A.B. asks: 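Sharing a structure below in structure tokens format, with a few things to ask.
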Amino acid sequence: MLDIQLLRNDLEGAAARLASRKFVLDTVAFQALEAERKTVQTHTQDLQAKRNATSKQIGIAKSKGEDVAPIMAEVATLGDELKAAEEKLTVIQSQMQSLLLTIPNVPHESVPVGTSETDNVELRRVGTPRSFDFEVKDHVDVGEGLSQLDFAAGVKLSGARFTVMKGPLARLHRALAQFMLDVHTAEHGYTELYVPYLVNADSMQGTGQLPKFEEDLFHVPRGDEGKLYLIPTAEVPVTNLVRDEILPLEQLPLKFVAHTPCFRSEAGSYGRDTRGMIRQHQFDKVELVQIVPPDQSYAKLEELTSHAEAILQKLELPYRVMSLCTGDMGFSSAKTYDLEVWLPAQNTYREISSCSNFEAFQARRMQARFRNAAGKPELAHTLNGSGLAVGRTLVAILENYQNADGSVTIPTVLRPYMGGLEKIVAA
RNA sequence: GGAGAGGUGGCAGAGUGGUCGAAUGCACCGGACUCGAAAUCCGGCAUAGCCUUAUGGGUUAUCGUGGGUUCAAAUCCCACCCUCUCCGCCA
């Protein structure tokens with residue numbers, strides 16, 4: 001959520017910046033609503049002040065044993081008028097709130113301007129793609145060749161976009177998550193968390209999934225009206241830990257890492273990545289989250305991104321770092337770096353991590369604050385990034401570490417997690 | 001699932017219709033005293049919004065959440081949420 005002051009003080013400027021990310025802000029509607037709000041709110045508060053003053057007088061008069069009938073008569077009609085004004089104000093305020101909740105974040109000035117994926121800017125490449133002296137298979141053929149990756153079983157149990165892994169491959173998947181957690185806690189200073197996979201609507205609104213992207217979420221009914229949502233990323237429960245909190249300055253920055261499954265309905269992407277486990281309804285991810293003072297957030301974005309990169313480097317997977325353009329960034333983000341891993345079978349780089357600075361956008365929705373040096377509550381900045389998406393990392397390993405005989409070499413750093421196993425061979 | 005108790009400021013805890021945004025204590029901040037500290041004394045000490053504005057001032061809302069009664073609600077009524085205790089069940 002944007003600061004409404006920004007819209008009041010520099011509406012055209014805000015609209016121009018939002019336009020760079022393909023969002024059209026209806027400035028006329030905003031101004032009209034804002035003008036009405038001002039009138040109605042002032043009027044309502046005047047009436048409330050009058051009511052409060054009169055009620056107080058009645059109280060004083062009664063305590064003195066005086067006749068209160070004349071004063072009562074004075075406010076006889078106030079009630080209806082006030083009620084009407086309050087109702088009107090409530091409607092306007094909820095309209096304003098709804099409007100604000102659907103406006104995306106303003107891009108940081110360092111974000112490249114563009115309209116689509118193709119305008120993203122490559123910042124660096126790390127590692128050299130391996131050259132193969134045989135025809136590379138994609139991860140589906142590699143995994144099924146090993147009889148350890150079973151898409152048909154996933155379909156039987158649940159439907160499309162679900163997968164079953166078996167044996168050493170399932171263990172490799174677990175090993176990846178363990179490895180990532182160990183690196184981030186031991187080397188990068190993150191505190192490991194275990195969090196709920198079902199969260200309430202307030203949490204989803206806090207990080208920006210609601211109200212706009214309900215169709216991307218799975219939910220389960222609970223009670224008559226309520227429902228809980230399956231998390232699409234650990235970002236939601238982890239970041240919402242600080243919702244409605246005022247943190248002591250000394251506690252910042254907070255650095256959390258959590259390994260969770262992620263559930264996405266993938267509405268609107270029915271035709272994309274239907275083969276393999278690139279795009280699943282359920283996948284595991286190790287997520288990094290930082291809560292920091294505003295003046296540190298851009299330095300922390302670089303740092304957090306480097307933490308995610310460290311995993312790829314240790315796994316010796318070639319990747320590149322992209323700075324997403326204004327038109328390709330997520331709703332809540334002010335700046336995003338994507339890490340893209342090399343997939344030889346696709347002969348391209350594919351997203352495996354997304355690291356973002358949300359500035360105060362999420363914090364404002366969540367009322368996540370800290371007490372600044374002056375002792376005053378101030379909105380914190382929130383950041384997060386995948387460190388990494390476990391399923392896609394597994395895909396990358398299957399493809400990059402495949403051998404001519406169909407086996408898959410296990411990256412050195414993972415072998416301790418695999419009981420010393422060096423290679424996965426067909427069962 | 002059954003029975004009961006309870007949710008008030010950073011914490012503890014008073015307040016059951018009226019000068020209550022809320023006593024008191026602790027914690028915290030500033031000052032006095034002191035060579036310094038402790039003790040003591042004095043003062044300060046919630047958050048969000050709106051209007052106005054040179055510092056500032058005015059005003060509204062908030063006592064778990066939402067609704068209702070009333071001129072007036074922390075206080076009365078209804079619904080919901082959460083916590084605790086006991087019983088049952090259970091990984």
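By convention in this document, chain letters (A, B, ...) are assigned in the order of the sequence lines, proteins followed by strands, and residues within each chain are numbered from 1. Computed from a predicted structure; not experimentally measured.
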A.B. asks: On a whole-Å scale, what distance lies between the C1' atoms belonging to B:C33 and B:U40?
C.D. replies: 9 Å
A.B. asks: In whole Å, what is the span from the CD atom of A:Q41 to the P atom of B:G49?
C.D. replies: 11 Å
A.B. asks: Indicate, with a heavy-atom threshold strictly under 4.0 Å, whether A:R364 touches base, sugar-phosphate, or nothing.
C.D. replies: nothing
A.B. asks: Think A:R51 has a side-chain N or O under 4.0 angstrom from the OP1 or OP2 of B:A73?
C.D. replies: no
A.B. asks: I'd like the P distance from B:A22 over to B:A61, given in whole Å.
C.D. replies: 13 Å
A.B. asks: Mind checking A:Q93 for me? I need base, sugar-phosphate or nothing, with any heavy atom below 4.0 Å counting as a touch.
C.D. replies: nothing
A.B. asks: Quantified in whole Å, what is the P atom distance between nucleotide B:C84 and nucleotide B:A73?
C.D. replies: 33 Å
A.B. asks: What integer distance in Å separates A:D244:CG from B:G9:P?
C.D. replies: 14 Å
A.B. asks: When rounded to the nearest Å, what value does the distance between P atoms of B:C63 and B:G9 take?
C.D. replies: 10 Å
A.B. asks: Using the side-chain contact (heavy atoms from CB on, under 4.5 Å) rule, pick out the option among A:F179, A:F256, A:Y190 that qualifies with A:H184.
C.D. replies: A:Y190
A.B. asks: Can you tell me the Watson-Crick or wobble partner of B:A38, both distances under 3.5 angstrom?
C.D. replies: none
A.B. asks: So, A:F331 versus A:F361, ring centres under 6.0 angstrom or not?
C.D. replies: yes
A.B. asks: Need to verify one output field. Residue with the more 5' nearest nucleotide on RNA chain B, A:L78 or A:K62?
C.D. replies: A:K62
A.B. asks: Calculate the interatomic distance between A:Q48 atom CD and B:A72 atom C1'; express it in whole Å.
C.D. replies: 13 Å
A.B. asks: Only pairs with both distances under 3.5 Å count, Watson-Crick or wobble alike; so what is the partner of B:A73 in this structure?
C.D. replies: none
A.B. asks: Does either side chain, that of A:E235 or that of A:T207, offer a donor lying less than 3.5 Å from an acceptor on the other one?
C.D. replies: no
A.B. asks: Can the ring centroids of A:Y194 and A:H259 be said to lie less than 6.0 angstrom from one another?
C.D. replies: no
A.B. asks: Under a 3.5 Å cut-off for both distances, is B:U19 Watson-Crick or wobble paired, and to whom?
C.D. replies: none
A.B. asks: With rounding to the nearest 0.5 angstrom, report the SG to CG distance, A:C355 to A:L383.
C.D. replies: 9.5 Å
A.B. asks: When you compare B:G66 with B:G58, how far apart are their C1' atoms, in angstrom units rounded to a whole number?
C.D. replies: 31 Å
A.B. asks: Please report, rounded to the nearest Å, how far the P atom of B:C50 is from the CD atom of A:Q97.
C.D. replies: 12 Å
A.B. asks: Looking at B:C50, which nucleotide sits across from it as a Watson-Crick or G-U wobble partner, both distances under 3.5 angstrom, or is there none?
C.D. replies: B:G58
A.B. asks: For the P atoms, the ones on B:G1 and on B:C80, what distance do you get once it is rounded to whole angstrom?
C.D. replies: 13 Å
A.B. asks: For B:C50, does either OP1 or OP2 sit under 4.0 Å from a side-chain N or O belonging to A:Q5?
C.D. replies: yes
A.B. asks: Closer to the 5' end of RNA chain B via nearest nucleotide, is it A:L82 or A:Q45?
C.D. replies: A:Q45
A.B. asks: Searching all strands shown, indicate the nucleotide that pairs with B:U85 (Watson-Crick or G-U wobble; both distances under 3.5 Å).
C.D. replies: B:A3
A.B. asks: Just how far, in rounded Å, is C1' of B:G68 from NZ of A:K83?
C.D. replies: 9 Å
A.B. asks: Grab the CZ-P distance between A:R371 and B:G9 for me, whole Å please.
C.D. replies: 15 Å
A.B. asks: Assess the side chains of A:H173 and A:D284: does a donor N or O sit below 3.5 Å from an acceptor N or O?
C.D. replies: no
A.B. asks: B:C80 pairs with which nucleotide, Watson-Crick or G-U wobble, both distances below 3.5 Å?
C.D. replies: B:G64
A.B. asks: Looking only at side-chain N and O atoms, does A:N52 come under 4.0 Å of OP1 or OP2 in B:U60?
C.D. replies: yes
A.B. asks: Quote, to the nearest angstrom, the P distance that separates B:A79 from B:A3.
C.D. replies: 15 Å
A.B. asks: Cut-off 3.5 Å, side chains only: do A:K335 and A:S356 have a donor facing an acceptor?
C.D. replies: no
A.B. asks: For B:U62 versus B:G67, give the span between their P atoms, rounded off to a whole number of Å.
C.D. replies: 11 Å
A.B. asks: Whom does B:C11 pair with, Watson-Crick or G-U wobble, provided both distances fall under 3.5 Å?
C.D. replies: B:G25
